[in-house]
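Quantities reported herein were computed from a predicted structural model and do not represent experimental measurements. As the structure lists them, so they are numbered: ligands from 1, and atoms in each ligand from 1.
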Amino acid sequence: MTEPTRLDVLRASEPLDGSDGRRPSPVDSTPDLFTRHPSNPIITVDQLPYRANTVFNPGAGRVGDETVLLLRVEDRSGVSHLQVARSSDGVTDWRFDPAPLLSPEPDRHSEEIWGCEDARLTWLPEREEWVIAYTAYSKLGPLVSLAATTDFREVRRLGPVMPPEDKDAALFPRRIGGRWLMIHRPSPLRGLAHMWMSKSPDMRHWGDHEVLLEAREGAWWDAGKIGLGPPPLETSEGWLLCYHGVHSTAGGPIYRVGLALLDLENPHIVLRRSTEWVFAPSAPYERGGDVDKVVFPNGWVLDEGTGILSMYYGAADSSVALATAKLTDLLDHLCRTPTTPRRRDGDGASMPL
Ligand code: BMA
């Protein structure tokens, strides 16, 4: 018999009458799960070997004995490219590759005319390569493009996989039910911008699109628009997701971060979703920059030995910062979050169409 997981233990004691999903009382409010690194911001534009406007929103991975960040660098014309930075401790002594890994090539890839932005890196053991999901900024709006690499020195474009407008995409690291899975965020003409999941037999042809996680409404911190952060992380309790939620205010949008947990073999089933945000702009470098009040994680690295998860994020669209958390603390927190009754029995994602 296998050991019961945290969720098995909690499920046995949960109310079944739909009284869950409520907002927590102030005394239950979320503790600080993430700790900002004292050296934050860990990368600023002055460290780059060339002049640029800003550096932010990095994808992240552990490649051999180095942490690799795929940085979004916005140049002084406003167009972004993706630049590699390497460090052995993932905090200091960043070395920048001599040339960007992915620079817009509008003559050959017209969808990149206004830039390559916000990479998410997923290692695929089956293919023994990394797949980079990034936003190509086309004349018709942002869309999802894929590229592949083994070493972040050479890269092979796989091309656009979702038409505009669509962004915030990342692959799961393995096939499920024989197919590759991708989470992404289309922006519909009407209604809210939810997170969707799509499937592919070959990573080129994508279908069976369904809504995975809905933006909430009204006053919620994640009302109207949400998007995936780093790629889904496989854990004992399910796929851990980190996502950003955008709250519109008279003073402009605020980008904050929440967590969710998907069923391991049926990831369209959302087991848990944090009620409150777990990370929000509060440090000066997060509150003020080219775009104020933004924390935007799209990379994380788990140290299997210590169980510490390093979350790399863009701060105010102006610098790169790092916050760490114990993976078990994140899972404990989610497992204590009331479940969503509609999804309890694995009845699939709703299609609010
Ligand atoms: C989102 C993305 C991010 C950016 C954020 C805040 O729409 O474009 O790249 O960090 O807005 O400006």
Side-chain angles (χ1 to χ4, degrees), residues 40-45 52-60 69-75 77-83 100 102 104 111-121 132-145 162 164-170 183-188 192-196 213 215 221-231 242-249 251-258 277 279-283 285-300 311-323:
N40 272 353
I42 56 166
I43 301 179
T44 57
V45 73
N53 178 43
T54 49
V55 55
F56 56 116
N57 298 5
L69 297 184
L70 191 52
L71 309 166
R72 171 173 171 190
V73 177
E74 188 182 289
D75 69 20
S77 74
V79 171
S80 294
H81 58 263
L82 300 174
Q83 163 73 44
L102 279 164
E111 73 280 2
E112 295 178 356
I113 185 158
W114 289 331
C116 302
E117 306 179 348
D118 299 355
R120 276 92 173 164
L121 317 180
I132 304 166
Y134 65 101
T135 304
Y137 195 169
S138 81
K139 277 197 168 168
L140 298 174
L143 56 82
V144 177
S145 272
M162 291 291 160
E165 293 206 358
D166 204 325
K167 50 165 69 172
D168 300 326
I183 296 176
H184 55 111
R185 206 286 309 286
S187 293
L192 310 182
H194 305 308
M195 285 159 58
W196 291 62
L213 203 67
W221 67 272
D222 53 357
K225 187 157 96 167
I226 58 174
L228 183 68
C242 165
Y243 71 96
H244 62 261
V246 186
H247 180 64
S248 298
T249 76
I254 308 177
Y255 279 69
R256 302 186 178 104
V257 173
W277 65 77
F279 196 68
S282 65
Y285 51 88
E286 299 161 350
R287 305 280 305 174
D290 267 11
V291 184
D292 294 348
K293 292 178 246 165
V294 176
V295 286
F296 197 92
N298 44 298
W300 54 18
M311 177 175 84
Y312 295 91
Y313 63 100
D317 284 14
S318 295
S319 62
V320 171
L322 167 63

Verify, without hydrogens or angle tests, whether [X] (side chain) and [Y] (backbone) share a donor-acceptor contact under 3.5 angstrom.
X	Y	answer
R256	V295	no
R120	G229	yes
D222	I226	no

Around [atom], find the nearest protein heavy atom and jot down its residue, atom name and distance.
atom	value
atom 12 (O) of ligand 1	D317 OD2, 2.7 Å
atom 8 (O) of ligand 1	K167 NZ, 3.2 Å
atom 3 (C) of ligand 1	D118 OD2, 3.3 Å
atom 1 (C) of ligand 1	Y255 OH, 3.5 Å

- prompt: Among all residues two or more places apart in sequence or in another chain, which pass the side chain to side chain donor-acceptor pair (under 3.5 Å) test with S248?
  reply: none
query: Sequence neighbours excluded, which residues qualify as side chain to side chain donor-acceptor pair (under 3.5 Å) partners of D166?
result: H184
Distance filter under 4.0 Å to F296 heavy atoms, resulting ligand 1 atoms: 3 (C), 10 (O)
query: Is it the side chain (CB and beyond), the backbone, both or neither of T135 that lies under 4.0 Å from ligand 1, heavy atoms counted?
result: neither
